[in-house]
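Have a look at the structure below, then the notes.
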Amino acid sequence: MRVGVVTFPGSLDDRDAARAVRVAGGEPVVLWHGDDDLRGVDAVVLPGGFSYGDYLRCGAIARFAPVMRSVVEAAHGGLPVLGICNGFQVLCESHLLPGALIRNDVRRFVCVDQRLRVESTATAWTADYAEGQEVVVPLKNGEGGYVADEATLDRLEGEGRVVVRYVGPNPNGSMRQIAGIANERGNVVGLMPHPEHAVEALTGPTTDGLGFFTSVLHQVVSA
Amino acid sequence: MGRVVVDVMPKPEILDPQGKAVASALPKLGFEGIASVRQGKRFELEVEGEVTEERLAEVRRAAETLLSNPVIEDFTVRVEA
């Protein structure tokens with residue numbers, strides 16, 4: 001099972017994401033932002049970090065990278081795509097997911113082991129969890145506040161597309177405690193927290209993040 | 001050469017943490033009577049030749065596509081003499 005991990009200039013969690021794919025039992029495939037070839041992968045991860053062009057808005061210029069043209073097209077065709085942190089911002093800027101991410105309401109960079117509740121298991125990336133399951137994974141962001149208009153938020157809630165929600169104090173001012181959302185089809189998921197940093201006991205607070213990566217492997221196998 | 005200015009501002013209903021931080025610093029420096037601050041971005045675009053209607057329409061498209069994110073921001077476009 002081949003899972004592509006895109007490296008943008010400024011990506012810093014690409015190696016961790018690739019490692020998480022390997023720990024989950026998949027084969028990570030390195031993808032370069034300037035290359036539009038997805039190398040026949042079965043899924044794509046847009047990792048965290050900082051995209052070039054964050055000066056303008058996070059992900060605003062990365063969205064126009066050659067690789068994103070291919071990712072957007074493939075996502076419309078059903079390819080599973082997971083955007084983590086900056087990857088989530090890139091997905092919103094790409095219009096693959098609704099809404100936007102703004103500077104944390106606390107005006108500080110936040111770095112914590114964050115408790116989350118899995119709200120939807122009907123996505124390519126969360127099928128291995130149980131609905132309502134609580135997990136703890138690292139969260140680290142400066143612009144992680146999820147915002148959208150009320151109609152969009154209501155639609156996301158109504159269609160079961162809020163994938164994970166913050167439990168406890170809201171770390172960044174995200175509306176309705178939203179930590180992650182999915183597109184209508186459930187193949188595209190954006191997450192602000194970092195499951196790829198919680199896949200091994202040695203380096204993570206838990207191994208709770210592994211489910212995101214095993215989910216997609218099972219999904220692709222069963223597809 | 002003509003100059004076109006694009007101003008991008010966070011939508012009124014969107015929280016602006018940067019503006020809030022600036023607003024809270026002002027009274028500490030003795031600047032009184034400022035109720036709130038919104039912080040935006042100003043882009044100055046030098047265009048080749050005359051600023052025609054066509055060119056302006058192009059800038060508006062750029063403002064909508066790249067310079068702003070319509071989900072969270074409003075923009076205005078104007079020609080500067």
Side-chain angles (χ1 to χ4, degrees), chain A residues 51-65 68-69 72 86 88-110 141-156 170-178 181 183 190, chain B residues 3-31 34-48 55-80:
Chain A
S51 61
Y52 58 110
D54 277 359
Y55 323 98
L56 178 59
R57 288 183 315 278
C58 294
I61 295 176
R63 167 206 168 182
F64 295 103
M68 284 309 299
R69 280 201 292 273
V72 168
N86 189 218
F88 186 9
Q89 295 161 340
V90 173
L91 289 178
C92 286
E93 286 284 340
S94 303
H95 308 310
L96 280 176
L97 293 174
L101 291 136
I102 65 165
R103 195 168 292 268
N104 299 345
D105 64 342
V106 291
R107 301 179 221 153
R108 284 190 306 275
F109 190 93
V110 175
N141 63 68
E143 304 196 26
Y146 181 74
V147 297
D149 59 36
E150 286 297 311
T152 302
L153 294 171
D154 288 342
R155 199 172 71 243
L156 286 171
N170 195 327
N172 50 26
S174 289
M175 289 177 164
R176 304 194 192 179
Q177 306 267 118
I178 288 173
I181 55 169
N183 66 345
Chain B
R3 173 178 287 186
V4 181
V5 174
V6 180
D7 284 310
V8 176
M9 290 299 293
K11 288 190 173 182
E13 67 274 19
I14 297 284
L15 174 75
D16 174 19
Q18 299 164 107
K20 255 175 100 173
V22 174
S24 69
L26 287 169
K28 290 177 198 153
L29 297 173
F31 299 106
I34 295 161
S36 77
V37 177
R38 305 284 288 170
Q39 180 176 323
K41 298 187 192 95
R42 171 186 164 115
F43 298 87
E44 297 180 354
L45 285 66
E46 298 285 346
V47 304
E48 289 167 7
R55 189 73 77 191
L56 262 182
E58 188 92 336
V59 170
R60 274 191 206 98
R61 269 197 319 120
E64 206 170 3
T65 314
L66 180 65
L67 304 182
S68 78
N69 177 348
V71 174
I72 48 171
E73 295 165 327
D74 295 324
F75 68 85
T76 58
V77 175
R78 66 176 194 276
V79 182
E80 201 167 71

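Numbered from 1 within each chain, the chains take letters A, B, ... in sequence-line order. As the structure is a prediction and not an experimental result, all values here were calculated from the model.
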query = Using non-hydrogen atoms only, which part of A/N104 is less than 4.5 Å away from chain B: side chain, backbone, both, or neither?
reply = backbone
key: Greatest number of heavy atom pairs closer than 4.5 Å to chain A - which of B/N69, B/D16, B/L67   = B/N69
Nearest heavy atoms of B/V71 and B/I14, plus distance in Å = O-CD1, 4.5 Å
Chain B contact via A/I102 - which portion, at a heavy-atom distance below 4.5 Å = side chain
inquiry  = Report which part of B/E73 has an atom under 4.5 Å of a heavy atom belonging to chain A: side chain, backbone, both, or neither.
reply    = side chain
key: Which atoms of B/K11 approach chain A - backbone, side chain, both or neither, heavy atom under 4.5 Å   = neither
key: Gap separating the CE atom of A/M175 from the CG atom of A/N170, nearest 0.5 angstrom   = 11.0 Å
ask   = CG/A/N172 to OH/A/Y146 distance, rounded to the nearest 0.5 angstrom?
value = 12.5 Å
request  = Report the distance from atom CZ of B/R78 to atom CZ of B/R3, rounding to the nearest 0.5 Å.
outcome  = 10.5 Å
ask   = Is it the backbone or the side chain of B/L66 that comes under 4.5 Å from a heavy atom of chain A, or both, or neither?
value = both
ask   = Is any side-chain N of the basic residue among A/R155 and A/D149 closer than 4.0 Å to the acidic one's carboxylate O?
value = no
